[in-house]
Amino acid sequence: MTSRNKNLDVLGNPRNFLEEIIEDDIKSGKHDGRVLTRFPPEPNGYLHIGHAKSICLNFGLALKYGGKTNLRFDDTNPTKEDVEYVDSIKEDVRWLGFEWDQELYASDYFEQLYLWADKLIEMDLAYVDDQTHEEIRLNRGTVTQPGKESPFRNRSLNENLDLFRRMRTGEFPDGSRVLRAKIDMGHPNMLMRDPILYRIIHAHHHRTGDNWCIYPMYDYAHGQSDSIEQITHSICTLEFDVHRPLYDWFIEKLEIFPSHQYEFARLNMTYTVMSKRKLLQLVQEKMVMGWDDPRMPTICGLRRRGYTPEAIRFFADKVGVAKRDNVIDLSLLEFCLREDLNKRAERRMAVLKPLKVIITNYPEGQSELLEAINNPEDELAGKRNIPFSRELFIEQDDFMENPPKKFFRLAPGQEVRLRYAYFIKCNEVVKDHQGNVIELHCTYDPASKGGTSPDGRKVQGTIHWVSAQHAAKAEIRLFDRLFSNEDPDDVPEGADWKDFVNPNSLIVTQGYLEPSLAQAKPLDKFQFERLGYFSVDYDSTPQRLVFNRTATLKDTWAKIAGQ
RNA sequence: UGACCUAUGGUGUAAUGGCAGCACAGCAGAUUUUGGUUCUGUUAGUCUAGGUUCGAGUCCUGGUAGGUCAACCA
């Protein structure tokens, strides 16, 4: 049966539009079939899941077509940038599993960019403008009205050259003059109305120090940087689409390597803010623990939460690439995570809300080790032994005094299996003065050791447990979504996006774990049966274990109980 | 109301003039020592009006809706 989808790559997967472009370019011999992409972050914040999509795209495309990818820092604005961000970006890209060809900085090109600006002046394609910030803004016009030409637009070549040189040598204060391209103040595309090329900023740059006091604007630096590196496919997000004519204009006038820009739709996700500005605000106003707060959509936050690079790469692949605006359902990210974790996370038993169970017919002071499978999805994960004794903890949710019909867990008179241990039956419910259940007295069936009864008797439910006397204790952090509304960027009139920060997004509790967990190492991942996937936090030590809940399990019981 | 971009189930993404498919989510069932996993089945879609064509999700025209652009940010 032949596939109806004829647009397939060599592996039989459908191609996205960028893959089509690249394959066509290779076929037509453009750039001698060479593929060189770049990932160009500005070091002014931490990378987030949206950047992960771009990283996977740029590196993935190069990998697929035998090309390479440069990591280039777009560091043209010293007032916003910092080495802290450079370091974190490099760490995150590596962690995601990608290796860049060259590590470069737009600031490496400042001298070349300056020379090209000189050249544009000589070609009568650039001029120094003395208008104030406000005048420039006003004279740019609006989207429906053309702009007005600057009175300084027709300065002499020599005056422009002289002024631009003196801008560089630091003769003028910040904001006093700019260098602009001479294009068309009436252009329907606002970006073509004599865009600013250079502005004066007397600030210390994290790499060039105090060598410069004029800095190129994004539009002037980006395309030329691509060109210098001979980038074949410069892939960016949709909002740069209107910049492309300007990108091409510089390349054409300067007669330099013809890099080409392609745009794709950036990633949006439900219950998530992706704006660096807002994420920075969350950090600065201490609404989260930091950039790596496990609730943050940053790469380091996801890592700390317990996400794996594989899951994120899988996600980037699943969301696809297109040009239409999109909002990805958070459940897709969660699916991708569980898909990976289910295969790799060893199972353990842990109790978060303990309820004491006393096995009245189990000898006092006795204990034994019971064998448990580490991961039913992976035979190689082996087995372990868990201590069992007379006093246990089970989950409070696993007991109901007056159970509804489809409740398969422990209830008075009802028999359940303690996973990998024994069948037990509840005989007595002990309550405190308020009537809260505080203890259960049960009997076990010694013949059901391991969890099966020789008489073939079946039980409906299997619950997890831990021996009270042997249990390790740990701080457990449960996370809910950071925002309580689906689209935190779309707030109602009079409201602020911060109103939707979920006050219950972090719950800290104590857990009782099976003893083997006391030796867990930072970032180790486990599935606590029925409770979800958990990852050991960074600052964990054997003395102070902290587990972050990485993901919940699909819970069909919640639906049954809700009815 | 200028230029540009976009429009396929609830969500995302394919179909390159020829049977509208896949994934997530949902629903139903089977298996299960995790109400997990796995497996099976299933609900649901081409923004609109014209045109071209034997044939249009696809090409053309108009409309509608959404997005981007008026930082000396990137």
Side-chain angles (χ1 to χ4, degrees), chain A residues 3-8 13-16 20 40-42 44 74-77 79-81 129 132-133 136-138 140-147 174-180 187-193 196-201 215 217-219 221-222 236-245 263 265 270 276-277 318-336 338-339 342-343 347 349 372-373 376-377 406-409 417-421 450-452 459-464 527-533 553-561:
Chain A
S3 171
R4 204 171 302 139
N5 185 339
K6 291 178 294 189
N7 179 28
L8 301 175
N13 300 314
R15 294 182 303 176
N16 64 48
E20 283 176 39
E42 183 189 15
N44 68 343
D74 235 330
D75 54 351
T76 57
N77 186 351
T79 62
K80 292 192 174 175
E81 297 151 10
D129 195 348
T132 62
H133 200 307
I136 290 178
R137 189 177 66 81
L138 259 23
R140 189 156 20 227
T142 68
V143 289
T144 49
Q145 287 167 339
D174 288 7
S176 58
R177 288 187 164 85
V178 291
L179 183 74
R180 302 180 75 176
H187 199 105
N189 182 344
M190 301 277 301
L191 285 156
M192 299 298 274
R193 320 241 258 232
I196 292 169
L197 270 32
Y198 273 93
R199 75 287 214 190
I200 302 170
I201 305 174
Y215 290 90
M217 297 286 291
Y218 166 84
D219 283 303
H222 200 97
C236 63
T237 46
L238 236 39
E239 62 269 29
F240 292 100
D241 174 290
V242 287
H243 294 246
R244 183 152 30 86
E263 307 87 16
T270 54
K276 270 195 203 174
R277 205 196 84 238
K318 295 295 264 185
V319 297
V321 188
K323 294 193 78 163
R324 74 185 85 114
D325 291 324
N326 60 79
V327 186
I328 308 289
D329 216 312
L330 193 56
S331 61
L332 181 63
L333 214 213
E334 290 167 351
F335 163 79
C336 293
R338 282 196 294 252
E339 187 81 350
N342 179 49
K343 285 179 303 216
R347 272 55 170 176
M349 291 199 284
I373 294 165
E377 307 296 316
K406 285 195 163 179
F407 188 79
F408 300 149
R409 310 177 195 182
R417 170 167 41 230
L418 291 177
R419 184 143 217 232
Y420 298 125
T452 44
V459 288
Q460 291 243 64
T462 302
I463 66 175
H464 58 275
Q527 184 197 93
F528 292 171
E529 289 178 343
R530 299 253 305 277
L531 298 174
Y533 293 99
L553 256 29
K554 272 202 174 180
D555 187 5
T556 45
W557 159 247
K559 254 173 287 175
I560 296 166

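Each chain gets a letter, A, B and so on, in the order its sequence line appears, and its residues count up from 1.
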Send over the distance from A/F408 CZ to B/U31 P, rounded to a whole Å.
12 Å
If we take the P atom in both B/A20 and B/C24, what is their distance in whole Å?
23 Å
Which residues share a ring-ring contact (aromatic ring centres under 6.0 Å, His included) with A/Y420, sequence neighbours left out
none
Determine the interatomic distance between C1' on B/U32 and the same-named atom on B/C39; round to the nearest Å.
11 Å
Rounded distance (Å) that lies between atom P of B/U34 and atom CH2 of A/W557:
17 Å
Mind checking side-chain hydrogen bond (donor to acceptor under 3.5 Å, both in side chains) for A/T132 and listing every partner two or more places apart, or none if nothing turns up?
A/E135
Once you round it to whole Å, what is the distance between P of B/U34 and CD1 of A/I463?
13 Å
Let me confirm one number: the CD1-CD1 distance from A/I196 to A/I136, rounded to the nearest 0.5 Å.
4.5 Å
For B/A74 and B/G62, measure between their P atoms and round to the nearest Å.
37 Å
If you go through the side-chain atoms of A/Q527, does one of them form a donor-acceptor pair with the base of B/U34 closer than 3.5 Å?
yes
Calculate, to the nearest 0.5 Å, the distance between atoms OH and CG belonging to A/Y215 and A/D75 respectively.
9.5 Å
Going 5' to 3' through nucleotides 68-74 of chain B, assign each nucleotide B (protein heavy atom under 4.0 Å from a base atom), S (under 4.0 Å only from sugar-phosphate atoms) or - (no protein heavy atom that close).
BBBSBSB
Distance check needed: B/U34 P versus A/L418 CG, whole Å only.
13 Å
Between atom CG in A/D329 and atom P in B/C24, what is the gap in whole Å?
12 Å
For A/Y533, report the nucleic acid contact type (base, sugar-phosphate, nothing); a contact means any heavy atom under 4.0 Å.
nothing
On RNA chain B, compare the nucleotides closest to A/R417 and A/S331; which residue's is nearer the 5' end?
A/S331
Between atom NZ in A/K554 and atom P in B/A28, what is the gap in whole Å?
13 Å
Would you please confirm or rule out a distance under 4.0 Å between OP1 or OP2 of B/A3 and any side-chain N or O of A/T144?
no
Mind pulling the stems RNA chain B is in, i.e. runs of at least three Watson-Crick or G-U pairs, everything under 3.5 Å?
B:2-7 with B:64-69, B:10-13 with B:21-24, B:26-30 with B:38-42, B:47-51 with B:59-63
Report yes if a side-chain nitrogen or oxygen of A/R347 is closer than 4.0 Å to either non-bridging phosphate oxygen (OP1 or OP2) of B/U37; otherwise report no.
no
Under 3.5 Å donor-acceptor pair, A/E529 side-chain atoms to B/G35 base atoms
no
Any A/K318 side-chain nitrogen or oxygen under 4.0 Å from OP1 or OP2 of B/U11:
no
Regarding A/V459, tell me which of base, sugar-phosphate or nothing describes its non-hydrogen contacts under 4.0 Å with the strands shown.
nothing
Just the rounded figure in Å: distance from P of B/U38 to CZ of A/R338.
10 Å
Under 4.0 Å from OP1 or OP2 of B/C5: is there any side-chain N or O of A/R244 that close?
no
Determine whether a donor-acceptor pair (one donor, one acceptor, N or O, separation below 3.5 Å) exists between the side chain of A/R409 and the base of B/G35.
yes
Would you say B/G35 has OP1 or OP2 under 4.0 Å from some side-chain N or O of A/R530?
yes
The side-chain contact (heavy atoms from CB on, under 4.5 Å) partners of A/E239 (sequence neighbours excluded) come to A/T237, A/R266
For A/E42, give me all partners under side-chain hydrogen bond (donor to acceptor under 3.5 Å, both in side chains), at least two apart in sequence or on another chain.
A/N44
Write down the distance between CZ (A/F528) and C1' (B/G35), rounded to a whole number of angstrom.
19 Å
What is the nucleic acid contact for A/F335, judged by heavy atoms within less than 4.0 Å: base, sugar-phosphate only, or nothing?
sugar-phosphate
